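Some notes on the structure that comes next.
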Amino acid sequence: MDEVRLIEIKEDILSDNKDLAAKIREQLKNSHTYLLNLMASPGAGKTSLIMKTIEQLRGHYRIGVIEADIDSMVDAEKVAAMGVKAVQLRTGGFCHLDAAMVSTGLAAFDLNAFDLIIIENVGNLVCPAEFDTGAIHNAMILSVPEGDDKPLKYPLMFSVSNVLVVNKIDYMGLSDFNMAVLKERVKRINPAMAIFEVSSKTGEGIKAWADWLDTQVSAFLK
Amino acid sequence: MHELPVIQSILDVVLNHAQMNQVSKVHSIALAIGELSDLQDEWLQRYFDYISEGTLAEGARLVIERTPVVLKCASCAKEIPMKAGEMKDIVCPECGNKELTLISGREYFIKSMEAQ
């Protein structure tokens with residue numbers, strides 16, 4: 001019988017996903033398509049924000065949406081009703097999207113005919129943070145009713161996202177949410193993070209957010 | 001949650017190296033997982049036992065080391081190690097700056113395996 005020996009491996013478990021994500025970014029560069037990965041907990045307002053963003057930017061860009069849901073098509077139908085191409089990925093119980101699933105979603109688009117594609121990731125602040133989707137930027141929503149302590153509880157999500165949209169600011173008076181405390185907590189994990197305060201319901205702040213995204217997309221498409 | 005895809009990836013990498021090294025049985029696998037990962041050791045082992053059935057790695061023990069969360073000060077570049085649960089209201093002990101970036105604590109790394 002052979003002796004037991006120690007075999008060095010030194011491999012990152014998520015390296016396949018990282019490689020595929022890099023390939024997706026290469027593909028997007030060639031087709032001139034900006035991909036945004038939008039993450040948030042369930043009910044934070046991902047679909048509403050996407051719809052408001054489409055209203056703001058549909059005059060400038062050809063927009064598509066990839067909707068991820070564990071097992072429904074409700075969100076994709078809402079977006080499609082606006083006349084925007086929406087592809088539904090049923091994750092079949094998976095709690096996040098990975099690069100392979102996003103690649104499948106992108107295959108449903110003629111990428112040369114789209115400038116901006118928004119991924120609505122699965123509603124969850126934990127798992128989506130661990131998987132690179134191949135997007136150019138990661139955005140996250142935190143809604144006021146969820147509380148200003150979320151950067152303490154989900155630091156990874158706050159550290160991998162480039163931009164934070166604080167939604168439902170129309171609830172500010174009804175909650176003990178402290179915006180200054182939130183911002184300070186965010187800066188301690190991710191000093192470069194851009195922060196926008198919006199209400200998808202009243203429309204407040206939506207333009208500033210859409211302008212930021214507009215700037216990112218046009219810089220990428222140049 | 002996402003234990004299964006992560007565990008499947010570990011098994012794929014291990015079986016790949018088992019084949020390259022022509023081993024007949026894997027006894028243990030040494031992993032380094034960031035403390036920010038929410039995957040618990042006990043569940044990782046249970047899932048691994050489940051999906052490794054019938055492979056060369058069946059029955060292998062996962063030896064998991066947690067790599068610490070390390071933040072880096074954006075101002076003076078000091079590296080600040082800390083516990084995942086203590087990431088509350090941190091300031092750089094060196095210069096008092098509050099802008100810190102996460103540089104370690106989210107990895108899934110397979111270090112080595114013992115096999116024969």
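Just so we're on the same page: letters track the sequence lines, and every chain starts at 1. Being a predicted model, the structure only gives us computed values, none of them experimental.
Looking at A/Val186, there are no atoms closer than 4.5 Å to chain B (heavy atoms on both sides), in backbone or side chain. Only the backbone of A/Asn190 comes within less than 4.5 Å of a heavy atom in chain B; its side chain stays farther off.
Going from atom CG of B/Leu39 over to atom SG of A/Cys127 covers 8.0 Å, rounded to the nearest 0.5 Å. Remark: A/Ile13 CD1 to B/Leu11 CG distance equals 11.0 Å, nearest 0.5 Å. Note that CZ of A/Arg188 and OG1 of B/Thr101 are 13.5 Å apart. Values are rounded to the nearest 0.5 Å. Atom CD1 of residue B/Ile110 and atom CD1 of residue A/Ile7 lie 12.5 Å apart, to the nearest 0.5 angstrom. Rounded to the nearest 0.5 Å, atoms CG (B/Asn97) and NZ (A/Lys187) are 12.0 Å apart.
Counting non-hydrogen atoms of neighbouring residues, nucleotides and ligands closer than 6.0 angstrom, the CG atom of A/Asn30 exceeds 12 such neighbours. Within a 6.0 Å radius of CD in A/Glu204, other residues, nucleotides and ligands contribute 12 heavy atoms or fewer. In this structure, B/Lys25 places its NZ atom where more than 12 heavy-atom neighbours from other residues, nucleotides or ligands lie under 6.0 Å away.
Listed here is the closest heavy atom pair of A/Ala129 and B/Arg106: O-NH2, 3.3 Å. Shortest non-hydrogen contact noted between B/Val6 and A/Phe131 is CG2-CZ, 4.2 Å. Heavy-atom minimum distance, B/Glu99 versus A/Pro191: OE1-CB, 3.3 Å. Of all heavy-atom pairs between A/Lys10 and B/Phe109, the closest is CA-CZ, 3.3 Å.
Between chain A and the options B/His27, B/Lys111, B/Glu107, B/Lys98, the largest number of non-hydrogen pairs under 4.5 Å is found for B/Lys98.
A/Arg5 is listed as a side-chain neighbour of B/Val23, based on a closest heavy-atom distance under 4.5 Å.
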